[in-house]
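Chain A is the first sequence line, chain B the second, and so forth, proteins listed ahead of strands; every chain is numbered from 1.
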Amino acid sequence: MMRFLLLFSRQGKLRLQKWYTPLSEREKKKIIRDMTTMVLARQPRTCNFLHWKDLKIIYKRYASLYFCLGVESQENELLGLEVIHRYVELLDKYFGNVCELDIIFNFEKAYFILDEFLMSGEIQETSKQTINRCIENSDMLQEDYNNEWYEVELFG
Amino acid sequence: MSDVVEKTLTALPSLLSLDSQPGSAKLSSTSKLGALIRGITELTSKHEEEKLIQRELASLKDQVSSPNTSMRQMKEAMVRAIYCEMLGYEASFSYIHAIKLAQQGSILDKRVGYLAVTLFLNENHELLLLLVNTVLKDLQSTNLIEVCMALTVVSQMFPKDMIPAILPLVEEKLNHPKEIIRRKAVLALYKFYLIAPNQVQHIHNRFRKALCDKDPGVMFASLHIYLQMIKDYPEGYKDLTASFVTILKQVVSGKLPMDFNYHTVPAPWLQIQLLRILSILGKNDQNTSEIMYDVLDESLKRAEINHNITYAILYECVKCIYTIYPKTDLLEKAATCIGNFVLSSKINLKYLGLKALTYVVQQDPKLALQHQMTIIECLDHPDVIIKRETLELLFRITNAQNITVIVEKMLEFLHQSKDDHTTIDLVGKVAEIAEKYAPENKWFIETMNTVFSLGGDMIQPDIPNSFLKLLSEGFESEEENKKLRLFAVDSYIVLLEGETRNLPQRFLQVISWVLGEYSHLRTDLDPARVMTLLTKLLEMRQTSSETKTWVLMAMTKLCSGEASVSIARSVCEDLSSSMDTVLRQRAHELLLLSQDPALRGQLLPVRSDPEPLEVDSSLSFLDAFVSEALAAGAAPYKPPHQRQEELAQEKALSLEPYQLSLPINMSSSCVTGRQSPTLMSVSSGLSGDSTELSHKGGSTTLKLEGVTRVWGREGYLSKKEPVEEVAQAEIPSPLSSSNQQTGASGTSSNTHSPIATPEPEQQKQQLASSLFVGLGSQSSVFLMGKSDPTPQRFRKKVTTPNSSATERLSASTDPTPTAEDNLLSSNRPESNLVPEVSKETPAPTQGEANGSCNDNLIDSTPSPLQSNGLETVPDTVENDDERPSLCLPAKLVGLPCSEITLLCSTQTVDLSACHVEKDDNVVLVIFISNSSDSGLENTLLQVGAEQLEVSLSSESPLKDVARHSVAVCQYLLTVIQPVVHFEVIGMLSYQSSHKSHEVEFTYKLPLTNFIRPFTVSTEQYGAMWLAFSNDTKQNLNLVTDGQDSLGDTLNVLKGKLNLHIVEIIGMEGILACRLAQDQPCLLHCHIHAGTLAVWLRSPVPDLPDSLLYHCQRALEGT
C-alpha cells in the first residue's frame, strides 16, 4: 500500500502532497523535510530507492520535478517506479507536454488526475484513456457552469 | 465511463458548441492564483515571501467570510488557500468554508471543496463531522460525478466512528450498473477494512461477488481486499486458489481488453497482486502449490520485454516460487532469473536482485556463492542503499567462520551511517550474530563495546539485557565464564579511564553493572579505584538519574574497605538530597551500608561461586509486618487498577460505559475521556495489539503516529522520549581510541586498511573466500540433513536453577526468535520443510473421489450473512437419511451435543461427525461407517485446524474397519485463537479391496460451542474489566421494544450464547463468559436510543470481535 506521494522541485519546494494514512501536521512536515533533504542529496547514478524508518521511498526526477512515493516495506520497488511513471504519463496526456509550471498553476487538476488514478493508497485505474475521459468530462462541466469566468481565463 | 460522457454530452448540448480543449487549460495567467504564484517567484527572500503570504491570507480571510462571496469566487479562494497551505502557512480559517463549499456548491465547486477538505483536514479533525451529511447526500445523488466524488472522499478520510452511518450506502453501490462506481465502492470498502475490519465483517460474501464482477477493473479492486483477508487468514480462502490461477492465466495470455495494458504488458498491477495472493496461499501447502506451478512457469516465460514493469513481475514471480512449496525446475528458473537481476548493469535491478537473493538464501545458501563476486562489489558500492542491502544479505549467511569479516563490514557501515533507523536495526543485527557465533571472548566484548557506543541510547533495550544475562548466566565452562567477565571488567576500566563524556547512558549502565558485579574477579584491582572511576560518572552533567541509580547500585556492591567507604559516604551526602526519589532511596541505602560494617558483611558476602539468590517475589516475609499494620488501623493495600476504579467512581461522571452518547460505534471519541486502557483499545481494532509496536521503537507504523501514546500495557511509556532526543546527537566512537590503547587487535587494524590496494582483484578474492566460507561444500552437507558443525560459542544454559528470579530477563532476551529460526533453517532447508508440511493438516488434494466434500469446501469460507444461503454451519446441513447405527460413545451421552451430520460419502465409506460440549473443551466425534462388503485396512484419519488444538482422545488408534460396521474417533478441541467459525479439516485414507483411497472433509463449528458461562461477582467483574485490554464496541438491535427490553435481550443472549448475566441495573447490564479453557470475556450492555450498546473486553485478542459477531447474529435471528 502506498502511504504518500510528494512532488517537489529541485529547490525543495513542495508542489503536490497526497497522504493515504492520517498523519498530524507535524508528522507531515517532518516527512516533507526529510524527503526533500534525502532525495535531493542523492548522487547521480545511484538507485531510485531509499529507506526511511520502516518505509521504502521510491523517487524519480522528471526534468526539474521530483516525484517521491512512500510505500510499505514489502512493496515492489520497480512497480512503485512505474506508478510514478504512469502518473507522469497521465499528466502529460492531460496537459500536453507537461512541465513544472503546468503543475504549479493547475495543481488542483493534478490532484483530480491523481484521485482517478490512485484510491485508498492502491491503484484504481491504469488506463490513460479512461482517466483522461473522466477528467475531461468534469472539466467540460466546469466550463459550462463558469463559462464567463473560465473563458476569460482560458482564452483571454 | 463512456456512458457517463455520453450522458453528459446529451445533457449539456450547449457544450458541444464550445471549442473545448480540456488539456489546454494552461497557465491561468489572469487568475488571482497566477498572480500570487508569480508574485512569489519574483521574491528573493524567505522573509518577503512570508510577508506576501500573510497579506494574501488576510485578504483571503476577508473574502471567504464576506456574505457576498459567490460560490465560484469561494472556489477560487479555496484554491489559493490550498496553495498557501502547501507552502507551509496555516489557513485554518478556510477549513469550515471548504466544507461549506463541498456542501452547497455546484458540482465543480464541490469538487474543489472536497479536494480542499481532504488536503486540509485529517481523519481525526472535529470539523469532519460536518461533512458526514454532505457525503450521505452525495452518495444518494443520481449524478454519477457526485457519487464518484463522495466515494473518493470517503476512501481518503472518513472518521472511523462514522463508518456505520454510510456503510449501507457504500455497500449498495456494489450493485451499481456503472463499473466505475462499483470499483470505487470496493476500494472504499477496502479502506474500511483496513481501518475497522470488524465493521465490514458481515459483507465478506459481497466481496466474493465483486471478485466475480464482469468488469476486470472491479475484480482487480476486490483483490486488494482479498490480499488483506488472505494475509489475515489464509486457510479460509484456499478454495479460491484455482480461481486466482485461472484469472492469472487469462491475464498472462492477454485476454484482457487493451485498456489494461501498460507498455504492452497486460495488466501488470493485476498480475502482481495475484502473484502475491498465490504466494500466501501456497505457503507450506503442497497441494495448493501444485495448482499454481503451471501458471508461474507461464508468467516467467511471458515476461520477456526488457522493461521495468516486466522485471517487477519477474521479481514477484521469483518471490512466489521461493515462498510456496518448492518445485525443482521452477526453482532453477527462478535462480537464473535472480542471476539476471544481480548481474544487471542497471542499478535498480541490482538492488532488487540483492533483495531477492536475501530472501532466497534462507533456503538456498549456495545461490549466494554463485554471485559472490557481485556481492563483494556491491559491498563497496558508492551507493549506501546498495551497501545496506548487501549487508542485509550477509547477515543472512553469517556462520561461525565468516562472522568476524561480516561484523567488521557492518561496523564499518555503522561508523558512516547517519540514519537512526538504520543504526538501530543494524546494531541489533550485529549484537544478534555476535552473540551467536562469537569466535572468542575478546572479540565478543570489543564488538559489544562498539555496538553499545554506536547504538547509543536508541539501541533496543533487549540488547543490553541479553548481554548482561549472558555474562551472568554464562555457559557450560566456569573457566570460560570467568575469562569473559575478566575481559569485560578490564575493557571497561580502560574505557572509564579515558574520556567518558560521549558514552551513551545505556552503555554506562552496562559498565556500572558489570563493574559492580565482577570487578572483584580482578584481585589486583583495588575496589576504591573502581569507586573513584564510578564517582566520575556521577559528577558528569549529562549522566541521567537512571544511570546514576545504576552507578549507585554498583557502588553498593563494591563498598568494602576504608577508602571505598569514605568515597561512598561523600557521594551519598551529595545525592541524598536529590530530587529523584529512587536515586535518593539508593543513596540512603548506600549511606546506611557504609556506616555499618556488620550489615555489609551480612548482606554482601564475598562469594567465590555466585549461587543465584532465592527471590521471594510474594514478599511473604513481610506478612507479619502487614498484619501488624492492619491491626493498628492502616488501610489495606489495593492494587493500582482497583484504586483507579474507585477514583473514577468517586467522580461518578466518567466511568467508561456511560460515555456512549452517539448512536453509533465510537471507540475513538473516548480518547479524551479516559486515561488508561482506551488508548490501546482505539488501536486494537486496527492492529490487534499495537503496544507491541511502540516497544520496538523503530517499527511504529505511520497510522498510529497521530495519537500520542502515553500509556501502554506496562504503564506509563515515558522511556520513548529521551530516546528520541538523544538520537539527534551524533555519537563518535570512543572505541577506536581505546583499541589503540589496549594494543592493536586484529580487527581494528583491518578496519583501517583501505580496500584499494595495488591488487584489488586479489583482495576481493580474499574477501570472498573469507565471507563465503561455510556456504560451499559444507552447505551441501547440510542439505543432507546434518546440523551446523560448529557449535555456538555462547550456548546458554538450558536449565537455570533460579528460573523464577530471572523470568523477566529471559522473556526479553531471546534475540528475535523469528530471525533465529530463519538462520537455523538456512543451514538445513530440507529438514526444515519436511516437518512443517507434515505438521500441517492434511491439505486437500485436488483429487478424484470426493466431489461432495469439494462442494463443501467451496462454500465454507466464513460467510456471515444468513440471507445469502451460503451458510454451511454443520447443524443446518440437512440430514435426511437416518443412520441408525451412529450413536455416541457412552461417556458422552447426556452432554449437550450437536446433530450428527454427514460430512461426505463415497461408495464404501460414509463419514459423519458431531460435536459434544464438555465443561472445559469440545469433543469432535467422527463416525466412519463402512457400508461395503469388504473391510477397510490401514485406515488413517488425520484431523487438524488452524486455530484449534486438536488431540486424539480415543483409547486406541483405529486400524481396520470391518465390513458393515462403524468406527468412532474422538478428538479434543481447544481454542488457540478465537475466530467466528472454526474449520476442522481432515483426511481419511484407507485401503479397500487393495486400492488406496483418500477422502477429505471439513467440519465447521462456531465459536459459541466453546463459550461457557462464567460466574463472577460484580466486584470481580469490575477488577477484571480494567485489567483487560482487547475490546470492541458496537450497537446491536434490541429484541423487543417492551418494558423490559434489556432483560429480554440479555436473556436471548444468555440462552443462545451460553453467557452468564452478572447483574442488571436499570438500563445497564453486565454479562460474563469464558472460553472452555478459562479465558474470560466480559460484556457491558447499555440501552441507548433504542439500541443495545455492547462493549466487550477480554485478555484474548480476537475474542471480543468474534463473540460480538455471534451476539449480532443471535439478536438478528429473533
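Only the backbone of Arg45(A) comes within less than 4.5 Å of a heavy atom in chain B; its side chain stays farther off. Contact of Glu82(A) with chain B is made through backbone and side chain together, with heavy-atom distances under 4.5 Å. For chain A, the nearby parts of Ile309(B) are the backbone and the side chain; heavy atoms of each come within less than 4.5 Å. With a 4.5 Å cut-off on non-hydrogen atoms, Lys128(A) does not touch chain B at all. Contacts of Leu352(B) with chain A are made by side-chain atoms alone, with heavy-atom separations under 4.5 Å and no backbone atom involved. For a residue to count as touching a neighbouring chain, one of its non-hydrogen atoms must lie under 4.5 Å from one of that chain's; by this rule Phe49(A) touches chain B with backbone and side chain alike. Heavy atoms of Lys184(B) lying under 4.5 Å from chain A belong to its backbone as well as its side chain. Proximity to chain B (any heavy atom under 4.5 Å) is restricted, for Glu89(A), to the side chain, taken from C-beta onward. Only the side chain of Leu349(B) comes within less than 4.5 Å of a heavy atom in chain A; its backbone stays farther off. Interface residue Asp383(B): backbone and side-chain heavy atoms are both found under 4.5 Å from chain A.
Salt-bridge annotation for Lys355(B) and Glu77(A): present, with a side-chain N of the basic residue lying under 4.0 Å from a carboxylate O of the acidic one.
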task: Starting from the C-alpha separation in whole Å, work towards a yes-or-no answer on salt bridge (charged side-chain N to carboxylate O under 4.0 Å, His left out) for Arg80(B) and Glu85(B).
output: CA-CA 9 Å; Arg80(B) 275 186 291 151; Glu85(B) 282 247 327; over 6 Å; no

